[in-house]
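All figures in this text were calculated on a predicted structure; none of them were measured in a lab. Hydrogens, waters and symmetry mates are skipped; everything else that's a heavy atom, side chains included, is used. Positions are given from 1 along the sequence.
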Amino acid sequence: MELTITLDDAARRAALFGSGDRHLRMIRGALGVQITARDSSLKIAGTTQAVGRAVTVIEELQRGLRDHDDLTDDEVIEAIAFASRLGEAKERDDQVIEVYTRQAVISPRTEGQRAYIKAIQGRDLVFCVGPAGTGKTYLAVAMAVSFLKVGAIQRIVLVRPAVEAGEKLGFLPGDMQAKVNPYLRPLFDAMHDMMSYDQIKRFIANDVVEVAPLAFMRGRTLNNSLIILDEAQNTTCSQMLMFLTRLGNHSKMIVTGDDSQIDLEKPETSGFTDALRRLKDMQDIAIVRLQRCDIVRHPLVQNIVNAYANERYR
């Protein structure tokens, strides 16, 4: 496997590489990879496992350089050890999701979530249905970040319909971007657990990560991307058709929603439930249904969901 990564700050490459490229030699020797530096990029070649660990080491070292000017040999050794521990964890559990921050080594916590991750790995279009707190959005974003990190995709596109839940969009202050930001906030929150703020800002500026309302998807073809449609229960049938037909070559699409929380004026017109019905028998599409037992938020959330499920409240 061969992978090229772009350095966060090319001006700091001397500190990253070490005197006489000492740090790079340590990484090569420990992980058995070939590393070639050119301008602001590094080309890493070796086995898939070794390349993945080397990328993790480089990211850890770049993170360290954000806090101080130089790196010690001990810090390089610690980064190599962390990458090796992470790699071993992934070998023990092939559903460990590797993202960009040391604090966020993510893995499914229930059998339903395991089925969800397996479906994303094996299918290009996945629908996930489930109540609040089951990790529908969080795991979808984690998988997108993981695919981006290993170079399986080139872009992440995060999409939500701007449908009001008791408030009118037009009454919110600010321009259009300010109006739609509250609807996109949950996607940002999930991503902030997996990347630093500066990294997200840089990815958005470079169009590697795009966060947009559903209306902005019309007329586009999304290649080499992982596209997530969140809160899909609030789409109409025509919107759902429009979105699903954006899928381009070498791309994956994840559609998440809770069919018990439809905020449309006519819930029966939900494009999400319509798509689940139309596409349920189509080959190469996965539909995963998470249950109340898959809720992984505060223990009270499961009790609250159960209480509201026992009777209608609309």
Side-chain angles (χ1 to χ4, degrees), residues 95 97 103-104 106-120 126-144 158-169 171-172 179-194 211 213-214 228-237 239-240 243 254-280 286-314:
Q95 290 193 316
I97 305 170
Q103 294 76 18
I106 298 164
S107 60
R109 294 166 57 182
T110 69
E111 286 306 310
Q113 289 187 344
R114 286 182 179 277
Y116 184 26
I117 296 304
K118 187 175 180 179
I120 295 171
V126 177
F127 288 85
C128 185
V129 192
T134 51
K136 302 184 300 294
T137 302
Y138 193 84
L139 290 175
V141 173
M143 288 299 291
L158 307 173
V159 184
R160 287 189 76 173
V163 174
E164 302 90 340
E167 294 184 79
K168 292 299 181 183
L169 184 64
F171 294 159
L172 295 174
K179 289 177 185 291
V180 300
N181 273 345
Y183 295 93
L184 306 175
R185 188 74 251 173
L187 295 168
F188 277 121
D189 289 345
M191 190 161 280
H192 281 151
D193 276 358
M194 303 163 200
V211 187
L214 178 59
I228 299 171
L229 174 59
D230 192 36
E231 298 290 341
Q233 74 274 5
N234 289 327
T235 62
T236 64
C237 295
Q239 286 175 328
M240 179 61 73
F243 175 78
I254 305 171
V255 181
T256 70
D258 179 357
D259 51 10
S260 71
Q261 293 190 0
I262 299 173
D263 295 314
L264 299 172
E265 289 186 8
K266 296 180 178 180
E268 64 275 10
T269 64
S270 170
F272 185 56
T273 55
D274 179 69
L276 294 175
R277 177 182 59 81
R278 290 176 185 268
L279 306 178
K280 63 181 180 180
I287 297 176
V288 180
R289 294 185 180 274
L290 299 179
Q291 309 297 329
R292 298 174 209 168
C293 60
D294 295 307
I295 293 174
V296 293
R297 286 185 189 161
H298 191 287
L300 275 175
V301 174
Q302 192 170 92
N303 295 335
I304 291 168
V305 170
N306 289 337
Y308 275 81
N310 289 333
E311 60 180 281
R312 293 183 62 84
Y313 59 90
R314 294 188 183 278

Where do [X] and [Y] come nearest, in terms of heavy atoms and distance?
{"X": "Asp258", "Y": "Phe272", "value": "N-CE2, 4.3 Å"}
{"X": "Pro161", "Y": "Asp230", "value": "CD-O, 3.1 Å"}
{"X": "Lys280", "Y": "Ile287", "value": "CA-CD1, 3.6 Å"}
{"X": "Ile254", "Y": "Ile120", "value": "CD1-CD1, 3.7 Å"}
{"X": "Ala140", "Y": "Tyr116", "value": "CB-OH, 3.5 Å"}
{"X": "Leu187", "Y": "Arg160", "value": "CD1-CG, 3.6 Å"}

Can you tell me how far apart [atom1] ([X]) and [atom2] ([Y]) are? Round to the nearest 0.5 Å.
{"X": "Gln113", "Y": "Lys118", "atom1": "CD", "atom2": "NZ", "value": "16.0 Å"}
{"X": "Thr137", "Y": "Leu158", "atom1": "OG1", "atom2": "CG", "value": "10.0 Å"}
{"X": "Thr236", "Y": "Glu265", "atom1": "OG1", "atom2": "CD", "value": "12.5 Å"}
{"X": "Thr110", "Y": "Leu290", "atom1": "OG1", "atom2": "CG", "value": "6.5 Å"}

- Message: Applying side chain to side chain donor-acceptor pair (under 3.5 Å), can you list everything that pairs with Gln233, at least two apart in sequence or on another chain?
- Response: Glu231

Side-chain contact, heavy-atom cut-off 4.5 Å: [X] with [Y]?
{"X": "Ile97", "Y": "Leu139", "answer": "yes"}
{"X": "Ile106", "Y": "Tyr138", "answer": "yes"}
{"X": "Phe188", "Y": "Val211", "answer": "yes"}
{"X": "Met240", "Y": "Val255", "answer": "yes"}

With sequence neighbours excluded, tell me which residues meet side chain to side chain contact (heavy atoms under 4.5 Å, CB included) with [X].
{"X": "Lys266", "result": "Glu268, Thr269"}
{"X": "Gln291", "result": "Arg289, Cys293, Asp294"}
{"X": "Thr273", "result": "Asp259, Ile262, Ser270"}
{"X": "Ala144", "result": "Ile156, Leu226, Ile228"}

- Residues two or more places apart in sequence or in another chain: which of them pass salt bridge (charged side-chain N to carboxylate O under 4.0 Å, His left out) with Arg278? Asp274

